[in-house]
Amino acid sequence: MIGAFSGWLIGAALLLALVAVITAIRDRPMGVVLLAGLAVLEVALLIQAGLALAELGQVREKATFIGYLAATVVLPPAAVWWGRAERTRWGPGVIAVAAFTIAVMTGRLLQLWDAAA
């Protein structure tokens with residue numbers, strides 16, 4: 001894993017969570033901005049997963065690492081599905097929680113990766 005890329009990913013996820021919280025506070029449904037943010041985040045997560053799986057031999061706790069990696073990739077599509085189903089302010093709330101969770105899980109992935117180094 002590339003530390004700088006993962007740092008950018010954490011920052012992007014936190015920014016998306018902030019935008020989603022602001023959208024929820026304004027009592028607006030999920031819009032194009034949140035969908036585009038989730039799409040960009042998903043592409044970045046897929047790139048990170050590819051890079052991490054290419055060098056998986058360096059990680060000691062492989063099962064935990066793969067579990068976190070798979071969960072981060074699955075979260076954005078799940079948030080889109082749930083957020084579009086919920087047309088109230090809680091749709092963006094779901095996206096905020098998912099984006100914050102992605103940031104935390106990416107940080108944990110970095111800890112697992114660095115522990116192997």
Side-chain angles (χ1 to χ4, degrees):
M1 276 180 47
I2 301 170
F5 184 75
S6 296
W8 174 87
L9 194 63
I10 291 169
L14 290 175
L15 179 63
L16 181 63
L18 179 65
V19 170
V21 165
I22 290 170
T23 304
I25 289 171
R26 294 180 64 211
D27 200 16
R28 305 273 187 224
M30 182 172 65
V32 176
V33 172
L34 292 178
L35 284 175
L38 281 170
V40 168
L41 195 60
E42 177 68 12
V43 169
L45 287 168
L46 289 171
I47 291 169
Q48 175 183 334
L51 293 172
L53 289 175
E55 298 183 18
L56 187 61
Q58 297 179 6
V59 179
R60 290 183 197 155
E61 298 179 36
K62 287 182 181 50
T64 304
F65 187 81
I66 291 172
Y68 273 95
L69 200 58
T72 59
V73 171
V74 171
L75 272 171
V80 167
W81 174 76
W82 194 355
R84 292 195 48 91
E86 184 63 48
R87 295 310 233 169
T88 63
R89 75 169 52 186
W90 299 113
V94 167
I95 293 170
V97 170
F100 183 74
T101 303
I102 288 169
V104 170
M105 292 178 82
T106 302
R108 179 65 180 133
L109 282 168
L110 275 173
Q111 287 177 343
L112 290 170
W113 188 268
D114 289 340

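Here, residue 1 is the first one in the sequence, and each next residue gets the next number.
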Q48 side chain near T106 side chain, heavy-atom distance below 4.5 Å:
yes
By side-chain contact (heavy atoms from CB on, under 4.5 Å), which residues pair with V97, not counting sequence neighbours?
T101
Could you report the tightest heavy-atom contact between K62 and L56, atom names first, then the distance?
CE-O, 3.8 Å
Looking only at heavy atoms, the pair that brings A12 and L41 closest together is CB-CD1, 4.4 Å
Residue pairs, two or more places apart or on separate chains, that pass salt bridge (Lys or Arg N to Asp or Glu O under 4.0 Å) and touch residues 12-22:
none
Tell me the ring pair (Phe, Tyr, Trp, His ring centres under 6.0 Å) pairs involving residues 15-35, sequence neighbours left out?
none
Check whether I66 and I47 end up in the same hydrophobic cluster, where Ile, Leu, Val, Met, Phe, Trp and Tyr are linked by side-chain heavy atoms less than 4.5 Å apart.
yes
How long is the span from the CD1 atom in I95 to the OG1 atom in T23, to the nearest 0.5 Å?
8.5 Å
Apply side-chain contact (heavy atoms from CB on, under 4.5 Å) to W90 and list each qualifying residue two or more places apart in sequence or on a separate chain.
E86, T88
May I ask whether I25 and V33 are part of the same hydrophobic cluster, defined by side-chain heavy atoms of I, L, V, M, F, W, Y residues being less than 4.5 angstrom apart, directly or through others?
no
What's the shortest heavy-atom distance between W113 and A52, and which atoms?
CZ3-O, 4.0 Å
Looking at CE of M105 and CG of L110, how far apart are the two atoms once the value is rounded to the nearest 0.5 Å?
13.0 Å
By side-chain hydrogen bond (donor to acceptor under 3.5 Å, both in side chains) - contacts of R108 (at least two apart)
Q111
When rounded to the nearest 0.5 Å, the distance separating CG of L9 from CG of L45 is 5.0 Å
Tell me the closest heavy-atom pair linking P92 and A20, and the distance in Å.
O-CB, 3.3 Å
Could you tabulate the donor-acceptor pairs under 3.5 Å formed by side-chain atoms of residues 69-79, not counting sequence neighbours?
residue, atom, partner, partner atom, Å
T72, OG1, Y68, O, 3.4
T72, OG1, L69, O, 2.7

All pairs passing salt bridge (Lys or Arg N to Asp or Glu O under 4.0 Å) where residues 27-37 contributes a residue, at least two apart:
D27-R89
Could you work out, with side-chain contact (heavy atoms from CB on, under 4.5 Å) as the rule, every residue matching L15, not counting sequence neighbours?
none
Could you work out the complete set of other residues in the hydrophobic cluster of V94, with links drawn between I, L, V, M, F, W and Y side chains under 4.5 Å apart?
W81, W82
Just how far is it from atom CD of Q58 to atom CG of L112, taken to the nearest 0.5 Å?
13.5 Å
Of all heavy-atom pairs linking L34 and M30, the shortest is CB-CG, 3.9 Å
V21 to A96 - nearest heavy-atom pair and separation:
CG2-CB, 3.7 Å
Taking side-chain contact (heavy atoms from CB on, under 4.5 Å) as the test, write out the residues that go with I22, two or more places apart.
L18, R26
